[in-house]
Amino acid sequence: MTNRPQPRPGVLDISPYVPGKSGAPGVAKVFKLSSNETPLGPSPKAIAAYNEIGKHLEDYPDGSASALREAIGASLGLDPARIVCGAGSDDLLNLIARAYLKDGDEAIHATHGFLVYPIATLGAGAKPVVAPETDYTANVDHLLAAVTPRTKVVFLANPNNPTGTYIPFDEVKRLHRGLPENVLLVLDAAYAEYVERNDYESGIELVATSENVVMCRTFSKIYGLAALRLGWLYGPAHVVDAINRIRGPFNVNAPAIAAGAAAIRDTAHVERARAHNTQWLAWLTDEIRELGLKVTPSVANFLLIHFPETPGKTAKEADAFLTKRGLILRGVAGYKLPNALRMTVGSEEANRLVVAALREFLGKAK
């Protein structure tokens, strides 16, 4: 079979991305807590903008997504000319890899970094290099130690998915200072809107003052537009120029552009989503720890729950137990975390049901 078309080197080394489960066979009511979706849903203003576009589906979208870029720029004080929009932030991560990696290059990510990083790297013919973490948190010294003359990109999810951990902005700046000028630092800040720590920054300042830093963001999380696949990046003019040359001419659809612009303007809805998350993230962390399970401290809208290897009490068995009750969490064995489950902060009802089910699973009488 050697005469058939062959994919480029690296493609068949990719482990396909497996999304979180969305259903439980035979269960009438399901609470999907596997994909970090907001329980509050999108802004009503975003839904109205989406519906309005439905009257004109025969028209191509604006290829530059100018209305959306201007809305993002006005919201965050950024130059719209330095913003690129894409079909989710994972689209942009792949575009970065295509633009800045070639056969034989290397791209670094932390041990439990987002699975799209190695996928995008291998797809570009480059080699993913894994830097060890400390307590499920990216370690700047280890990231810098992994740099070689072949390193062209460093991916840093901050906060990180699936661990929920982050590194302070001073550490991000130290990482940047230690990188060669020809290495692109990609700050993936998909969960930035949820963070309430004084020492955290999403990366806007560093992008504004550097030639080799890009920040990626998404509308899939706090804005509740995951179904529309919408993300954006902020970068130096030369990086934006390169990305615009290889992205699809209409890589963002018209409903996404309209809904995204309306969503980012509805700051009250975002504040409600953030307040809900702050309250229930703390509650879940405390309640689950009281059951005797370890929870990695999280600053995002999800938490990583660690289970023992004791037969009958493992993560895999807990997952099956919860699924039968319509509570869908995310197994993270693909992230090299076989003894953990990731749980999205859900509605009050969902959160209380999970804690009650875990108590039953562990045999902990109330």
Do the side chain of [X] and the main chain of [Y] share a donor and acceptor less than 3.5 angstrom apart?
X	Y	result
R274	E193	yes
T165	Y136	yes
T151	T148	yes
T163	T137	no
R342	R330	no
H238	E211	yes
N351	S347	yes
N94	D90	yes
N277	A300	yes
N251	C85	yes

Trace of the side-chain contact (heavy atoms from CB on, under 4.5 Å) decision for L228 with V252: CA-CA 9 Å; L228 294 181; V252 180; over 6 Å; no

Taking side chain as C-beta onward, heavy atoms only, is [X] less than 4.5 Å from [Y]?
X	Y	result
I328	L33	no
V186	V154	no
L185	V214	no
T344	N301	yes
T296	L303	no
V270	D266	no
L206	K173	yes
P180	V147	yes

Side-chain ion pair, [X] and [Y], N-O less than 4.0 Å:
X	Y	value
R289	D286	no
R69	D62	no
K336	E133	no
D319	K316	no
K313	E317	no

Under 4.5 Å between side-chain heavy atoms, hopping through other hydrophobics if needed: is there a path connecting [X] to [Y]?
X	Y	value
W232	I246	no
V183	V172	yes
L353	I288	yes
V116	L233	yes
L225	I72	yes

Shortest non-hydrogen contact between [X] and [Y], atoms and distance:
X	Y	answer
G224	T38	CA-CG2, 3.5 Å
P308	L293	CD-CD2, 4.1 Å
A67	A261	O-CB, 4.2 Å
S89	T218	OG-CB, 4.0 Å
L281	S298	CD2-O, 3.4 Å
G203	F169	CA-CE1, 4.3 Å

Rounded to the nearest 0.5 Å, what separates atom [atom1] in [X] from atom [atom2] in [Y]?
X	Y	atom1	atom2	value
R359	L291	CZ	CG	5.5 Å
H142	T134	NE2	OG1	5.0 Å
L156	E171	CG	CD	10.5 Å
S34	L341	OG	CG	11.0 Å

- prompt: Given L284 and M343, is the side-chain contact (heavy atoms from CB on, under 4.5 Å) satisfied, shown in steps?
  reply: CA-CA 10 Å; L284 283 166; M343 176 189 173; 3.7 Å; yes

query: Should the pair R325 and F321 be classed as cation-pi, given the thresholds of under 6.0 Å to the six-membered ring centre and 45° from the axis?
result: yes

query: Quick one: does NZ or CZ of R352 land under 6.0 Å from the six-membered ring centre of W280, within 45 degrees of the ring axis?
result: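 Judged by the rule, R352 and W280 form no cation-pi pair.
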
Would the number of heavy atoms belonging to other residues, nucleotides or ligands and lying under 6.0 Å from [atom1] of [X] be above 12?
X	atom1	answer
D59	CG	yes
K127	NZ	no
K45	NZ	no
R8	CZ	yes
F31	CZ	yes

message: For the aromatic rings, using the six-membered ring if either is Trp, is the centroid distance between H276 and Y194 under 6.0 Å?
response: no

message: I want to know whether Y191 and F302 have ring centres closer than 6.0 Å.
response: yes

query: side-chain contact (heavy atoms from CB on, under 4.5 Å) between L122 and V11: does it pass, once the steps are laid out?
result: CA-CA 6 Å; L122 288 166; V11 171; over 6 Å; no

- prompt: F155 and ring pair (Phe, Tyr, Trp, His ring centres under 6.0 Å): which partner among F114, Y100, Y117?
  reply: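 By the ring pair (Phe, Tyr, Trp, His ring centres under 6.0 Å) criterion, F155 pairs with just one of F114, Y100, Y117: Y117.
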
- request: Quick one: do H176 and N212 satisfy side chain to side chain donor-acceptor pair (under 3.5 Å)? Show the steps, please.
  value: CA-CA 9 Å; H176 175 248; N212 64 334; 2.7 Å; yes

query: Are T278 and E196 close enough, and set up right, to give a side chain to side chain donor-acceptor pair (under 3.5 Å), and what steps lead you there?
result: CA-CA 8 Å; T278 299; E196 296 186 329; 2.9 Å; yes

- prompt: So L143 and N139, side-chain contact (heavy atoms from CB on, under 4.5 Å) or not? Walk me through it.
  reply: CA-CA 6 Å; L143 288 166; N139 182 301; over 6 Å; no

message: As a quick check of understanding, evaluate salt bridge (charged side-chain N to carboxylate O under 4.0 Å, His left out) for R174 and D170, giving each step before the final call.
response: CA-CA 6 Å; R174 184 167 75 86; D170 282 348; over 6 Å; no

message: Would K32 and E37 count as a salt bridge (charged side-chain N to carboxylate O under 4.0 Å, His left out) here? Give the steps.
response: CA-CA 8 Å; K32 185 186 175 191; E37 298 150 338; 3.0 Å; yes

Distance-only polar pair, side chains of Y200 and N158, donor-acceptor under 3.5 Å: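 No, no side-chain donor-acceptor contact under 3.5 Å.
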
